[in-house]
*Asks:* 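Got a structure for you, questions after.
Residues take their numbers from the sequence shown, with the count starting at 1.
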Amino acid sequence: IFGVALLTPTNGEETAFAVLALAKKDHKPQTNRHMPDELAVSAGDVLWVRRNESTAWAFARSKHGDKGWVPESVLSFTRPAAVSVDFTGSSRDQPQPQLSARLGDAVWMAQKHYGNWSWTFGSDGQGWLPNWALKLQVDQTSPNATPAIAGKNFVADARARHDQLSIFKGEMVLVAGQLVKDIWVFVMNMDGHRGWVP
């Protein structure tokens, strides 16, 4: 998917930040803890994270480039998934708000569940989707989407059938699903905006 020129895999230091996470709650560094370089985050912040299996802390980078340690209990890690059937949200019952999605849409599932529902992020926003409408992308080597860096600027066309995302050269994005093999990929940027790019 990276051969088309706009996106290239990350390398060097950026490779370490290969997991996308969302802050579930605010975290403020505490001076009485002996953890150097704690990062302050607010609920809803999108972060690139380097997980550490031997500790309850993760090293994170914010969209502003700030880096530091955050307790994993503050983070909700995401996994890419595909919508397997059209779903229109309802206001009758079940969790609210619900996310309406179309067959083939790429979404990110957060580690937040309500019965048989999962909290998801898609091109039309965020909300609950029933698990029966989702198909996890199976990849034994990495359960998370792939980070990439934009090789050049791309300006979204508002008239396009699918929601496109404008990106800038050097911008780091997370790649999830594909619209057309080897031509378009679904990405999320550090601001949490999502859409298709070549």
*Asks:* For Trp119, what residues pass the side-chain hydrogen bond (donor to acceptor under 3.5 Å, both in side chains) criterion, not counting sequence neighbours?
*Replies:*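 Partners of Trp119 under the side-chain hydrogen bond (donor to acceptor under 3.5 Å, both in side chains) test: Gln126.
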*Asks:* For residues Leu134 and Ser84, report the shortest heavy-atom separation together with the two atoms involved.
*Replies:*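 Distance-wise, the nearest heavy atoms are N-OG, 3.7 Å.
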*Asks:* Side chain to side chain contact (heavy atoms under 4.5 Å, CB included) with Ala43: which residues, sequence neighbours excluded?
*Replies:* Asp26
*Asks:* Output all residues satisfying side-chain hydrogen bond (donor to acceptor under 3.5 Å, both in side chains) with Glu72, sequence neighbours left out; order by chain, then residue number.
*Replies:* Arg51
*Asks:* Among all residues two or more places apart in sequence or in another chain, which pass the side chain to side chain contact (heavy atoms under 4.5 Å, CB included) test with Thr88?
*Replies:*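 Partners of Thr88 under the side chain to side chain contact (heavy atoms under 4.5 Å, CB included) test: Ser100.
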*Asks:* Testing the basics here: between Ser166 and Ala156, what is the closest heavy-atom pair and its distance to 0.1 Å?
*Replies:*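 Closest approach of Ser166 to Ala156, heavy atoms only: OG-N, 2.8 Å.
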*Asks:* Tell me the closest heavy-atom pair linking Gly89 and Gln98, and the distance in Å.
*Replies:* CA-OE1, 3.3 Å
*Asks:* If you compare all heavy atoms of Leu75 against all heavy atoms of Ala23, which two are closest, and at what distance to 0.1 Å?
*Replies:*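 Minimum heavy-atom separation between Leu75 and Ala23: CD2-CA, 4.5 Å.
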*Asks:* Using the rule that two of Ile, Leu, Val, Met, Phe, Trp, Tyr join whenever any of their side-chain heavy atoms come within less than 4.5 Å, decide whether Trp128 and Val85 are in one cluster.
*Replies:*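 Yes; Val85 is reachable from Trp128 via cluster members.
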*Asks:* Within the distance-only criterion (no hydrogens, no angle test), does the side chain of Thr120 pair as donor or acceptor with the backbone N or O of Met109 below 3.5 angstrom?
*Replies:*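 Checking the backbone N and O of Met109 against the side chain of Thr120, no donor-acceptor pair under 3.5 Å is found.
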*Asks:* Ala160: which residues meet the side chain to side chain contact (heavy atoms under 4.5 Å, CB included) condition with it, sequence neighbours left out?
*Replies:* Asp157, Gln164
*Asks:* Which pair of non-hydrogen atoms, one from Phe87 and one from Leu99, has the smallest distance, and what is that distance?
*Replies:*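 Heavy atoms of Phe87 and Leu99 come nearest at CD2-O, 3.4 Å.
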*Asks:* Which residues satisfy the side-chain hydrogen bond (donor to acceptor under 3.5 Å, both in side chains) test with Gln94, sequence neighbours excluded?
*Replies:* Trp117
*Asks:* When hydrophobic residues are tied together by side-chain contacts of less than 4.5 Å, even through go-betweens, does Trp132 share a cluster with Leu129?
*Replies:* yes
*Asks:* To the nearest 0.5 Å, what is the distance between CZ on Arg50 and CH2 on Trp57?
*Replies:* 15.0 Å
*Asks:* So, using side-chain hydrogen bond (donor to acceptor under 3.5 Å, both in side chains) as the criterion, who are the partners of Ser118 when residues are at least two apart?
*Replies:*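 Ser118 satisfies side-chain hydrogen bond (donor to acceptor under 3.5 Å, both in side chains) with His113, Asn131 once adjacent residues are dropped.
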*Asks:* With sequence neighbours excluded, tell me which residues meet side chain to side chain contact (heavy atoms under 4.5 Å, CB included) with Ser73.
*Replies:* Pro71
*Asks:* Of the non-hydrogen atoms in His27 and Leu39, which two are nearest, and what is the gap between them?
*Replies:*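 Distance-wise, the nearest heavy atoms are CD2-O, 3.2 Å.
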